[in-house]
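Structure first, then comments.
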Amino acid sequence: MTTRDESYDVIVIGAGVSGMYALHHLRGMGLAVRVYDGAADVGGTWWYNRYPGARVDGPGSPFYCYTFSDELMQEWDWEETQSDWAAVLAYLRHVADKFDLRRDIQFETWVRDARYDEAAQRWTVETDRGDSATAPFLICAVGALSAANIPNIPGIDEFAGERYHTGRWPHHPVSFAGKRVAVLGTGSSGIQSIPEIAKTAAHVTVLQRTPQYSAPAANRPLAPQEQAAARADFAKIRATMLANMGGFPFDPNPRASLEHGREQRRALYEKLWQRGGFRFFLDGYNDVATSEESNAVLAEFFRDKIREVVRDPETARKLLPDYFVMTKRPVLDDGYFETFNRDNVTLVDLREDPIERFTRSSVVTRSGEHPIDMLVLATGFDAISGSMLRLDPRGRAGVRLKERWHDRFHNYLGMMIAGFPNLFMIHGPGSPGVLYNMPLGAERQMGWIADFISHLEKRGVGAAEPTTESETAWSAEVDGIASMTLFPRTSSWWTGANIEGKPRYFSTYLGGSMYYARIADIAAQGYAGFSFEPARAGGVAGR
Ligand code: NA7
């Protein structure tokens, strides 16, 4: 059924982790909310990324989850420390059931236009189903890792075999049995899927542009007593999560590498390696991301591990990363390097042997032709900003976001954009987004947005947006923090280097929990840095 000019208080785009929480929170405020999502159900990232081996690859369960409901925490059982996509999706479906979210979500619906009407002080969205709706507030919960990156390689569209992108994995079963499979890309998705694919494929050709520092995921069943402990003390654990830099309940690591010599450091790394998991990257030394010397010792430790595992020295050489550890998204694996000891796996180093083209049945690199039946694109995303630019909303005077963001993703507090009044982003550029526990980050940003909306309503404000001066100052803050680290010095999706023509800078606010203190402070100052326009009839006050 097509709906025309439906009127709401808030329109939310996206029904993933962030959009689901946004709906729940806004409903609790008594607001009328409409959510749109292109998928057939909730889940966002976890709806789409269902490739073999897809798992949580950060500090895992039971802390990669919502924290807003104690009841939810008490009733949901996580089975493993690194939950797979199906377990996370089952959890999100349970959340949708429990809080009756679906009745306000329109699925299988893409928002193809979002434009601001200055006179009415309202956003209008139009969908690919011919619906349109308006609301004074628009929340873009469009996902930091959503816009799939399909590389533009000669002949790629002529390839006649099966072709899948990990971030758009089909819902029907995919069989690799007896097939020659090429996997392009060795980020988290490639490294998770390659060992799984190699188990049944006739042959796997791994096409690697950049080798990775990957640590053992050490996925294991979550012991009932661990879950029970988390439940018993959840209020206290949540307080630690709120205080911790990355949003997880770990004590901050106080150890600087200067305290230990090289051998002592390697001994500690060995101990952490044996334990495995994401905390390998966090629990060593607190200066790994800031000190070249500290970083070099850890990098060498990784390279030694790769040399130890991979039997063919030439393959091992190609797998050795040579940039600062942690400055690309750290990866966790389950037997990735061991996979290269299998007879049915070969590695092509694209830096030495680049792809020239695809044909109907092969990939041709400089050294020759590799016949394939299937191409898996594990090529990642136009991350952080890509899904906002795909939406490309039109703000004041019809200015498109693409125009405003041609040189940088200008914003204030990682949530709002000058010229785009009453539009909020969750996990957008300029926020801690992908470098923070994302469900918790969504809750915290949404809490701030909700308070802001209440503030505007109470004061009869119809339109609020940041000044360009406050955007400039925020940019300087984001850049200032990043420049204290080694992160901006590596080409990564964090710096936009994976997408041709994308502005190149480290766009994430690296201050972690410090960010939440900053935005609370801005609110306490009466929302400093914004300009406000009184409500006209039909705007916020007129709803
Ligand atoms: P990533 O981490 O962006 O990995 C993509 C991989 O694909 C990476 O190895 C890229 O090499 C490679 N790539 C991308 N484009 C090309 C082209 N054109 N040619 C060759 N190789 C290419 O995406 P993932 O999906 O693995 O992970 C995304 C996040 O999801 C992950 O960090 C977790 O947070 C969850 P590059 O390194 O750019 O040289």
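What you see is a predicted model, and the numbers here were worked out from it, not measured in a lab. Whatever order the structure lists them in is the order used to number ligands and atoms, beginning at 1.
Of the protein's heavy atoms, S188 OG, 3.3 Å lies nearest to atom 31 (C) of ligand 1. Distance from atom 3 (O) of ligand 1 to its nearest protein heavy atom, with residue and atom name: W493 CD1, 3.0 Å. Protein heavy atom closest to atom 39 (O) of ligand 1, with residue, atom name and distance, is T210 OG1, 2.4 Å. Remark: minimum distance from atom 23 (O) of ligand 1 to any protein heavy atom is reached at G380 CA, 3.1 Å. Of all protein heavy atoms, the one lying nearest to atom 20 (C) of ligand 1 is L184 CD1, 3.5 Å. Atom 32 (O) of ligand 1 has its closest protein heavy atom at R329 CG, 2.9 Å. Scanning the protein for heavy atoms near atom 12 (C) of ligand 1, the closest one is G185 CA, 3.7 Å.
Within ligand 1, counting atoms from 1 as listed, the ones closer than 4.0 Å to a heavy atom of F381 are 25 (O). Taking every heavy atom of P151 and a limit of under 4.0 angstrom, the matching atoms of ligand 1 come to 18 (N). Counting the atoms of ligand 1 from 1 in the order shown, those under 4.0 Å from a heavy atom of L145 are 29 (C), 30 (O), 34 (O). Interface of K328 with ligand 1, defined as ligand atoms under 4.0 Å from a residue heavy atom, comprises 36 (P), 37 (O).
The closest side-chain donor-acceptor pair between Y269 and Q274, if any, does not fall under 3.5 angstrom.
At under 3.5 Å, a nitrogen or oxygen of T186, whether backbone or side chain, sits near a nitrogen or oxygen of ligand 1. Some N or O of R209 is nearer than 3.5 Å to an N or O of ligand 1, by distance alone. At a 3.5 angstrom cut-off on N or O pairs, S189 counts as close to ligand 1.
By the criterion of a heavy-atom distance under 4.0 Å, the side chain of D57, and not its backbone, is placed next to ligand 1. Residue contacts with ligand 1 for Q208 are absent, since no atom lies close enough (heavy atoms, distance under 4.0 Å). At a heavy-atom distance under 4.0 Å, only backbone atoms of A378 (N, CA, C or O) approach ligand 1. Using a 4.0 Å cut-off between heavy atoms, I191 makes no contact with ligand 1 at all.
Using a 4.0 Å cut-off between charged nitrogen and carboxylate oxygen, R311 and E338 do not count as a salt-bridge pair. The pair R275-E270 fails the salt-bridge criterion, with no side-chain N (NZ, NE, NH1 or NH2) lying under 4.0 Å from an Asp/Glu carboxylate O. Classification of R408 and D479 as a salt-bridged pair holds, one side-chain N sitting under 4.0 Å from a carboxylate O. Between D128 and R112, none of the side-chain N atoms (NZ, or NE/NH1/NH2) sits under 4.0 Å from a carboxylate O, so this pair counts as no salt bridge. With salt bridges taken as basic N to acidic carboxylate O contacts below 4.0 Å, one links R329 and D57. A salt bridge does not link R55 with D333: none of the charged nitrogens is closer than 4.0 Å to a carboxylate oxygen.
Cation-pi contact between R360 and F159: absent, since separation from the ring centre below 6.0 Å together with deviation from the ring axis within 45° is not met.
Ring-plane geometry between Y412 and W474 is classed as perpendicular, the angle between the planes exceeding 60 degrees on a 0 to 90 degree scale with a lower cut at 30. Classified by interplanar angle (parallel below 30°, tilted 30° to 60°, perpendicular above 60°), the ring pair F409/W405 is perpendicular. The aromatic rings of W46 and Y64 sit perpendicular, their planes meeting at an angle over 60°, well past the 30° parallel limit.
Looking at N149, N49, N498, it is N149 that brings a heavy atom closest to atom 15 (N) of ligand 1. Nearest to atom 4 (O) of ligand 1 by heavy atom, out of G187, G190, A383, is G187.
By the neighbour-count criterion of 12 heavy atoms within 6.0 Å, atom CZ of R357 is sparsely surrounded, having that number or fewer from other residues, nucleotides or ligands.
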